[in-house]
2 protein chains.
Amino acid sequence: MNAAANKLEEQTLTDRQKAVLDTALQLLVEGGEKALTTSAIARAAGCSKESLYKWFGDRDGLLAAIVTRQASKVRTPAHSDEVVSKEQFVQELNHFAQDLLEVISGEVSLALNRLAIGQASKGDDALGRQLLEQGRGRIGEQMTQLMAQGAKLGFVKVPDAHAAYQILYGLVLKDIHVRLLLGATLKQEEADFKSAAGDAVSQFMQLFENCTK
Amino acid sequence: MNAAANKLEEQTLTDRQKAVLDTALQLLVEGGEKALTTSAIARAAGCSKESLYKWFGDRDGLLAAIVTRQASKVRTPAHSDEVVSKEQFVQELNHFAQDLLEVISGEVSLALNRLAIGQASKGDDALGRQLLEQGRGRIGEQMTQLMAQGAKLGFVKVPDAHAAYQILYGLVLKDIHVRLLLGATLKQEEADFKSAAGDAVSQFMQLFENCTK
DNA sequence: TTTGCTCAGTACCGTACGGTACGGTTCTCT
DNA sequence: AGAGAACCGTACCGTACGGTACTGAGCAAA
């Protein structure tokens, strides 16, 4: 278990181990947590259960490794270019909103969130914390930063950059995330992410656009 | 199983059976789905497993019965009074927003949503549908109605009452619901539901207030 | 009292899972 | 070549759960 814990912290994973985690994630996406048995993972990944326990300690360690593995694969969209015009700022917001909708409604994101929520129902919020920090946390930070930049340049007038980000988040997602987690399918107009993102951003700008020139 | 199915549809439940369902719900809230074994329910409710299966068919039937039972207990706040003034309309919105925050963050709501999400991860969205229709559906209908009334009287200018309701929903909850489902605890300012509801409603009014008199 | 019904309590069965142990194979290092 | 580690495949163990069967108590009707 010591070796396994170190593996998780230092994130020094063999290519083989990464491949196993990817296979496990695929299994999770396809069949939910119920399908994610250690035997099934070993079978699908072509490794032995003994190796799984050697590498990841126990089943919970494996689940945590899956989450961190996926989080490490998330690339920040690298739109860190300087924002120079209000049009560009709005365009960045649109880009962000559309990205958010696409990520949140993706099968992988839904499966991981369902997994973490299942763990939370057992009183263990470790996975949920990890998901919030490494998943939404990063994009949130980046967004908060963009928001602060927009405020500094006078495009928007917001008292608190992070609060503004949260409001945009709400305008974009509404109750879509939870509905998807519950297994619902989006209505036609909701599935048009580009249009939905545009609506949300224009509402956001209407709220916070700097009218004092 | 026939008798059980009829029971669920016609909702003709003995007081004894209702008590059993309430006990089961309490068990679910306390320990999550893992703790909701048939043996544990029978023990806690002081009935036999055989009776459980006789009444509810199987475990899934029992879970569904718990959800419908809880939904039947939800009372509509009965604010069906006519809205006569804009101030009253805004006050109704505030009341709604605060109620929403309180319900959504309640232990019972969280436990039921987690349960349904767990089922959805197994490919069964029956509980989720039930939760959406009977839980959020009702309050949504009522809210949409209030919104339409406000529009008719010229307090707000919204193209679609239901869409407006969704926007208010997003402004009120932001990402709070999912974070709670993941096991997070609210920040201090988020836990002040009255204040948070006021902010959301004022933002909503800023978006849709009828400026054409 | 006798008959029959309901239900609590318990014992039981089959299955499936998490976790471990072991034999055999491949690869690496010396 | 030979030793040792890593690892696959499989068998195995203990446990816990869903679901069923049985027993006996309480009770109502005849």
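- In this structure, of D:dC8, D:dA6, D:dG18, it is D:dC8 that holds the atom nearest to the side chain of A:R16.
- Salt bridge annotation for B:K122-B:E33: present, with a cationic side-chain nitrogen under 4.0 angstrom from a carboxylate oxygen.
- Counting only heavy atoms from C-beta outward, the side chains of B:L36 and B:I66 approach each other to under 4.5 Å.
- The interatomic distance linking B:I41 (CD1) with C:dA8 (C1') rounds to 16 Å, in whole Å.
- Between A:E33 atom CD and C:dG18 atom C1' there is a gap of 13 Å when expressed in whole angstrom units.
- Within the structure, ring pair (Phe, Tyr, Trp, His ring centres under 6.0 Å) pairs that include any residue of residues 123-150 of chain A do not occur (at least two apart or interchain).
- The distance from atom NZ of A:K122 to atom P of D:dC17 is 12 Å, rounded to the nearest whole Å.
- OP1 or OP2 of C:dT20 has not a single side-chain nitrogen or oxygen of A:R59 nearer than 4.0 Å.
- Protein atom CD of B:Q17 is 12 Å distant from nucleotide atom C1' of C:dC7, rounded to whole Å.
- One finds a side-chain N or O of A:W55 lying less than 4.0 angstrom from the OP1 or OP2 phosphate oxygen of D:dC7.
- Distance B:L62 CG to D:dC17 P: 15 Å, rounded to the nearest Å.
- For B:S51 and C:dA8, the shortest distance from a side-chain N or O to OP1 or OP2 is below 4.0 Å.
- Rounded to an integer number of Å, the gap from CG of B:D58 to C1' of D:dT20 is 14 Å.
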Which atom pairs link the protein and nucleotides 9-16 of chain D when you take only N or O atoms and keep those under 3.5 Å?
| residue | atom | partner | partner atom | Å |
| --- | --- | --- | --- | --- |
| D:dG9 | O6 | A:E50 | OE1 | 3.4 |

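- One interatomic measurement links the two molecules: CG of A:L52 to P of C:dA21, which rounds to 16 Å at whole-angstrom precision.
- Listed here is the closest heavy atom pair of B:Q206 and A:L207: NE2-O, 3.1 Å.
- A donor-acceptor contact closer than 3.5 angstrom is absent between the side chains of B:Y53 and B:R59.
- Atom pair B:L36:CG and D:dC17:P shows a separation of 11 Å (rounding to whole Å applied).
- Shown here for B:A164 and B:F204, the closest heavy-atom pair between the two residues is O-CE1, 3.4 Å.
- Using a cutoff of 4.0 Å between basic side-chain nitrogens and carboxylate oxygens, B:E102 and B:K194 are not scored as salt-bridged.
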